[in-house]
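Here is the structure we will look at, set down as structure tokens.
In what follows, chains are A, B, ... by sequence order, proteins preceding strands, each numbered from 1.
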Number of protein chains: 4
Amino acid sequence: MTTTSKDNGRQRADARTTGGARRRAKGSSTLASERREHLVKLAAELFAQKGYQATTVRNIADEAGILSGSLYHHFDSKESIVDEILTSFFDELAAANQAALARGGDPREVLSDLVRICFSTLVPHRAAIMVLQNDWNYLKQFERFDYLAKAEADTERLWVDQIKRGQETGLFRDDIDPKLTYRMIRDTIWVTVRWFQPEGRLDADGLADHYIKVLFDGISLHR
Amino acid sequence: MTTTSKDNGRQRADARTTGGARRRAKGSSTLASERREHLVKLAAELFAQKGYQATTVRNIADEAGILSGSLYHHFDSKESIVDEILTSFFDELAAANQAALARGGDPREVLSDLVRICFSTLVPHRAAIMVLQNDWNYLKQFERFDYLAKAEADTERLWVDQIKRGQETGLFRDDIDPKLTYRMIRDTIWVTVRWFQPEGRLDADGLADHYIKVLFDGISLHR
Amino acid sequence: MTTTSKDNGRQRADARTTGGARRRAKGSSTLASERREHLVKLAAELFAQKGYQATTVRNIADEAGILSGSLYHHFDSKESIVDEILTSFFDELAAANQAALARGGDPREVLSDLVRICFSTLVPHRAAIMVLQNDWNYLKQFERFDYLAKAEADTERLWVDQIKRGQETGLFRDDIDPKLTYRMIRDTIWVTVRWFQPEGRLDADGLADHYIKVLFDGISLHR
Amino acid sequence: MTTTSKDNGRQRADARTTGGARRRAKGSSTLASERREHLVKLAAELFAQKGYQATTVRNIADEAGILSGSLYHHFDSKESIVDEILTSFFDELAAANQAALARGGDPREVLSDLVRICFSTLVPHRAAIMVLQNDWNYLKQFERFDYLAKAEADTERLWVDQIKRGQETGLFRDDIDPKLTYRMIRDTIWVTVRWFQPEGRLDADGLADHYIKVLFDGISLHR
DNA sequence: AATGAATGAGAGTTCATTCAT
DNA sequence: AATGAATGAACTCTCATTCAT
């Protein structure tokens, strides 16, 4: 197997037993990579619109103006495509979260940052989030996507730590359950992807502000 | 179509939004109806577990110990089955919501009731909510399910009215968007179906209490 | 899963985790089984003619006058069909070999019997032998067919034992290699399936006689 | 088609049965020819391992470290590659057979020579023989390979002549069928390619000796 | 001499649904 | 009320081959 663009951008655990040289000198792979990214984008849009299962590889190929078989020049499988979409989202999110943690601040500030990060991915990673909301239940059955569950577990730890720290430092109420609270925050944010319209009254930042307000102080008017 | 129970338990399309349970009065059809309900229950469990699309009619038939073709004696399509699951949920929810409204009380009390109603459906209607969370994006493309969008619009009006009334009477903050707030509340509650375990630390009521607390007063500790 | 004819006639190692009742009272399965056997026969003929790989499930379905998808009512997969063909051959061969052994006699008699048994399968199991000759190299890569290699190993032991016994009792020459000799006999017999015509000058029995003659005494005229 | 080495190394179809090696006399095409031969060798190895049908042109290209499309600079089809492998085998075999005949001797000596020739091709032409054993049934359907059947018919005549001559001169038994006997000898020898290991206890020559012994005198111990 | 993108035909398989029995 | 056989359309994916660069 040569170094085509089919490698899916992620390391494979299984070593290649068959021979074959690996090459490619200069920059023609940039073009290949652009084509590939374009196809991923088209697929992402369809996955978001109709769902992963309901989108056929023919749909994607049609959108690109090629035949379905031709997609397999670029990707191993339909799964590879969605994998690429999800990976790119998770990688970016993890990096942003780490950066927020590194910036420091009191738990309320960190939590605000984390919330804002979530909302800020809504537009650039709409498809990934949509797929996660609608098709995760289906995708999780494939070993290949186990890494997503792990990534989510990491994120949970990160949030829960901040909530607990907030409780210890007297910033947050003591009578809420950290894990439960995290889950509700997480779900509430991501699920907005279903109805959120960036061109609407509130953009992603506005949505974040609104949510942070309610999250920290509730909807009640306090005297 | 024969004179069996195949009419999907629902007389007319325009009867959909009126809510309320339907009963079959007379004789042997009760047995048929019981068998039918049993099959719906089996299907519901599978839909909840694997999703609507990923569940095959064969899966359902297998679970019932019959052949897939035999299901069509009871239902005229796979869609009919999920329709029945969803209708039963929406009918019950609408009725409960109306009852809460009828009971009256200040907006905070009514809203609390509405929240509690939502959480209380989590167990008996787990499958319907799961389907709505995971497969709505797919199902909405069929005209047949347009009534669900209408029912949801009705519910939204009901909630938004209460939130606005709360703002007018000085109970709720003025700087929150009623519609946005409703959506977030709605999403936060329903999405819990994905991880909620009735046998866990908190049951549905506990979850409701926890959420109402955070919703009204936020997670911050106010002096 | 119910007890349809899809079980492939062979036990499955993997237990069925999904529920479902198992029934079937009377004899309607005989009919189902007949249909199934008919399809297997059609497939066998095609496999023998064109090879396993080159035969498509559509070819088989066409021959049966149904659509390709309909085959899957009867079989899990194309592999299942060929499996059935091979299993039936191996089962019968193993039984016949055991019977020959049980009959006893000196090694020359037993070996003659074994040879005759091989030739006698040429007509009834032509397809299986043809597949084994032409497609074994392909089929052996699938775990599913590991049992064939095992069956072959058993047969080898059986033959080699007789050859050795013949050498010990002074019936056979001492300067031949038992294993090598077995392999050559085996291959020589089975490979005749490629050109053997039952309607030709010699039938399977005639072929066996001819071969036994040459095998034991060679082609040379001994004074 | 350009003026590359794509003409498959063979000038005309009617030159096929004449046998003999073909050389390219002149200049830089020697390099091209070497590359070509290298590719044929890689393909041969794969065909032997996995069979002709199961080997994809991509497999071959991978092995060579190039892309599958690039193979078509050297060959005009997958068939051309296997054709080259088979032709080279048949040409050499025919030449060797002719030489044996030319050397003369009594039928027993000639037959021994022919047997030894067959065994001696086992190593250098392993792939061709393997393909012939496993994929001939598939390849024979293409007109292009009709010449193989013809070559085989020629060989048969040659062998049968010697066997008959042996019977006439009282060297061989009269009660064996010459044609049948030839076929069994042929099959027995070629089919060993499936399990023969040159590094094993017996090399090709040893195998030949062993077989000649059994062929002429049988496995029985004659007083 | 090779790449990289694509074709086009066809592969095995799935599945909701129908219908005679 | 159920069976068992079949449909027909669609699915993901494969692969020999082509061709502009």
Exercise for review: List in numerical order all residues of residues 38-66 of chain C for which some heavy atom is under 4.0 Å away from an atom belonging to DNA chain F.
Suggested key: C:Arg58, C:Ile66
Practice item. Would you indicate whether the side-chain heavy atoms of C:Lys78 and C:Val82 approach each other to under 4.5 Å? Key: no
d([atom1], [X]; [atom2], [N]) in whole Å:
| X | N | atom1 | atom2 | value |
| --- | --- | --- | --- | --- |
| D:Arg36 | E:dA2 | CZ | P | 13 Å |
| B:Phe142 | E:dA16 | CZ | C1' | 12 Å |
| A:Lys78 | F:dT12 | NZ | P | 5 Å |
| B:Glu34 | F:dA1 | CD | C1' | 15 Å |
| B:His74 | E:dA16 | NE2 | C1' | 17 Å |
| A:Phe75 | F:dT12 | CZ | C1' | 15 Å |

Review point. Can you list the residues that meet the side-chain hydrogen bond (donor to acceptor under 3.5 Å, both in side chains) rule with D:Asp135, with sequence neighbours excluded?
Key: none
Check your understanding: Do A:Thr55 and A:Asn59 have a side chain donor and acceptor closer than 3.5 Å?
Key -> no
Exercise for review: Just report the end-to-end axis angle for the helix from E:dA2-F:dT21 to E:dT21-F:dA2, five pairs per end, to 10 degrees.
Suggested key: 20°
Check your understanding: Applying the ring-ring contact (aromatic ring centres under 6.0 Å, His included) test to A:Tyr52, which of A:Phe145, A:Trp136, A:Phe47 qualifies?
Key -> A:Phe47
Point to revise | C:Arg35 side chain near F:dA6 phosphate (N/O to OP1/OP2, under 4.0 Å) | key: yes
Check your understanding: Does the side chain of B:His73 get closer than 4.0 angstrom to OP1 or OP2 of F:dA1 through an N or O atom?
Key -> yes
Practice item. Test C:Ser80 against C:His74 for side chain to side chain contact (heavy atoms under 4.5 Å, CB included), laying out the working first. Key: CA-CA 10 Å; C:Ser80 288; C:His74 303 278; over 6 Å; no
**Study point:** Nearest-nucleotide comparison on DNA chain E, the residue closer to the 5′ end among A:Leu67 and C:Ser68
**Key:** A:Leu67
Practice item. Could you tell me whether A:Ser77 contacts a base, only the sugar-phosphate backbone, or nothing, with contacts defined as non-hydrogen atoms closer than 4.0 Å? Key: sugar-phosphate
Point to revise | For D:Lys41, side-chain contact (heavy atoms from CB on, under 4.5 Å) partners two or more places apart | key: none
Under 3.5 Å between N/O atoms: give me all the protein pairs with nucleotides 19-21 of chain E, atom names plus distance.
none

Practice item. Quick one: list whatever passes ring pair (Phe, Tyr, Trp, His ring centres under 6.0 Å) with A:Tyr138, sequence neighbours left out. Key: A:Phe142
